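Accompanying notes for the structure given below.
As a basis for the values below, the full set of heavy atoms in this structure was taken, side chains included, without hydrogen atoms, waters or symmetry mates. Because the structure is predicted, anything quoted here is derived from the model rather than measured.
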Amino acid sequence: MGELESIRVFLAVAELESFAGAARQLGLTPASVTRTVAALEARLGLQLLVRTTRRVSLTSAGAIYAARVRPLAQGLAHAAEETREAQGMTAGHIRISAPLSLGLKVLPDVLSQFAVLHPQTHVAVNLSDRFVDIVEEDYDLAVRISGPPTDKSTIWRKICRVPRVLVATPGCIAARGRPRTPDDLGAYSRLSYQADSRDETWELSKGTTRRNVKADGTFSANNGDLLARLASNGEGIALLPRFIVAEALDAGRLIELLPDWSAPEIWLTLYYPPYERLPLRVATFSDFFEAHVKETCAL
């Protein structure tokens with residue numbers, strides 16, 4: 001491995017404080033990362049990193065070296081990217097954060113088709129239903145399903161509305177009676193879509209009429225697929241994005257309730273760090289993702 005690549009590996013280990021983490025990020029084996037850093041230290045005649053059983057940290061010499069070479073490595077990476085962009089080429093890495101349900105249902109087709117057109121672009125996806133700080137955690141973009149954007153430190157791009165529906169099983173409805181208004185939902189256990197133990201409040205409206213219903217049933221979860229399965233098991237009513245329950249609705253395992261009532265709008269949105277200009281690889285993926293969602297009606 002050349003000196004420039006060795007520096008890139010060293011900086012990754014220093015940033016992540018982990019040989020294994022750097023190996024995952026760079027697509028290398030941990031043994032290869034360890035050998036590369038050891039070879040760099042041997043060439044310099046300096047110990048750059050202190051290794052313990054719990055973490056990896058920079059020595060004083062390593063901190064000085066990292067501070068000097070990091071701008072050089074970043075400058076070379078930017079120069080290569082700008083040159084490729086000037087030629088209309090997309091290459092490099094894209095780190096994406098996306099929610100679990102959307103990632104499993106929508107992203108596989110997007111990624112496979114994108115790879116055919118842009119084989120030199122490596123896409124790394126992290127699926128999580130927690131709120132990810134894309135600036136702090138160094139993501140190129142995040143796919144989110146949420147209410148109106150409020151984050152002032154990021155750039156966003158709305159893709160489309162995400163319809164939500166109230167659903168329950170035919171058996172659950174037969175046992176408790178079909179609700180006619182939100183006031184009738186008190187007869188049901190209501191499944192809460194929350195990242196913590198707090199209850200969700202469903203804000204339902206029909207014209208100018210508003211009703212708030214607390215989802216304070218037996219179960220709460222931060223993942224729509226889990227709540228959809230619980231609803232399919234007859235555990236109560238869930239308010240979920242339609243794309244999560246579309247198959248169960250089509251098959252008759254779940255039935256939509258109160259179709260004349262609606263919850264506040266949520267959107268499929270792409271979030272970016274505060275770029276002055278989107279890198280070509282990120283802009284190209286964003287355009288491809290938006291076109292796929294709208295053409296296939298994936299949501």
Side-chain angles (χ1 to χ4, degrees), residues 1-85 87 89-98 100 103-104 107-108 110-128 130 132-143 273 279-282 284-285:
M1 189 175 289
E3 185 167 3
L4 185 58
E5 284 302 301
S6 298
I7 290 171
R8 188 167 73 96
V9 171
F10 158 69
L11 289 173
V13 175
E15 178 184 347
L16 298 172
E17 298 183 345
S18 167
F19 284 87
R24 285 192 297 272
Q25 184 181 93
L26 299 173
L28 302 171
T29 65
S32 174
V33 169
T34 300
R35 287 196 302 270
T36 297
V37 173
L40 178 62
E41 290 177 321
R43 285 200 299 272
L44 296 172
L46 297 168
Q47 183 178 356
L48 302 175
L49 297 165
V50 176
R51 305 148 177 87
T52 68
T53 56
R54 293 189 175 183
R55 59 175 295 190
V56 177
S57 59
L58 289 165
T59 63
S60 57
I64 294 171
Y65 185 70
R68 292 294 181 89
V69 299
R70 186 177 288 110
L72 299 175
Q74 291 173 341
L76 287 170
H78 291 157
E81 182 172 311
E82 289 172 3
T83 302
R84 286 193 294 264
E85 290 189 4
Q87 303 302 313
M89 296 172 59
T90 59
H93 286 69
I94 304 175
R95 294 191 72 223
I96 299 173
S97 169
L100 181 60
L104 294 177
L107 283 183
V110 174
L111 296 175
S112 294
Q113 294 172 28
F114 184 79
V116 173
L117 298 175
H118 305 283
Q120 297 184 59
T121 302
H122 174 82
V123 182
V125 179
N126 180 279
L127 298 181
S128 174
R130 71 180 178 87
V132 174
D133 186 329
I134 59 175
V135 176
E136 182 69 24
E137 300 185 40
D138 196 27
Y139 283 92
D140 294 297
L141 69 98
V143 183
L280 179 62
R281 67 188 189 282
V282 178
T284 301
F285 181 87

Can you confirm whether [X] sits close enough to [Y] that some side-chain heavy atom of one is under 4.5 Å from a side-chain heavy atom of the other?
X: R24; Y: L16; value: no
X: L26; Y: V9; value: yes
X: Y65; Y: I7; value: yes

Can you name the nearest heavy-atom pair linking [X] to [Y], along with the distance?
X: F10; Y: G62; answer: CZ-O, 3.8 Å
X: S97; Y: V132; answer: OG-CG2, 3.4 Å
X: A98; Y: L107; answer: CB-CD1, 3.9 Å
X: L58; Y: A66; answer: CD1-CB, 4.4 Å
X: G103; Y: P108; answer: O-CD, 3.0 Å

Q) Which is it for L127 and L104 under the side-chain contact (heavy atoms from CB on, under 4.5 Å) test, yes or no, and what are the steps along the way? A) CA-CA 9 Å; L127 298 181; L104 294 177; 4.1 Å; yes
[atom1]/[X] to [atom2]/[Y] distance, rounded to the nearest 0.5 angstrom?
X: E5; Y: L28; atom1: CD; atom2: CG; answer: 8.5 Å
X: S57; Y: L49; atom1: OG; atom2: CG; answer: 7.5 Å
X: S6; Y: E41; atom1: OG; atom2: CD; answer: 11.0 Å
X: L141; Y: I96; atom1: CG; atom2: CD1; answer: 4.5 Å

Q: Identify, with sequence neighbours excluded, every residue that meets salt bridge (charged side-chain N to carboxylate O under 4.0 Å, His left out) alongside R70.
A: none
Q. With sequence neighbours left out, what residues match R95 under salt bridge (charged side-chain N to carboxylate O under 4.0 Å, His left out)?
A. none
(Q) Whether the side chain of R281 engages the backbone of H93 through a donor-acceptor N/O pair (distance < 3.5 Å, no angle test) should be reported. (A) yes
Q: Test side-chain contact (heavy atoms from CB on, under 4.5 Å) on E15 and D138 and set out the steps.
A: CA-CA 11 Å; E15 178 184 347; D138 196 27; 4.3 Å; yes
**Q.** Sole residue of I134, V123, I94 in side chain to side chain contact (heavy atoms under 4.5 Å, CB included) with D140
**A.** I94
Q.
Over 60° means perpendicular and under 30° means parallel, so tell me whether F285 and F114 are parallel, tilted or perpendicular.
A. perpendicular
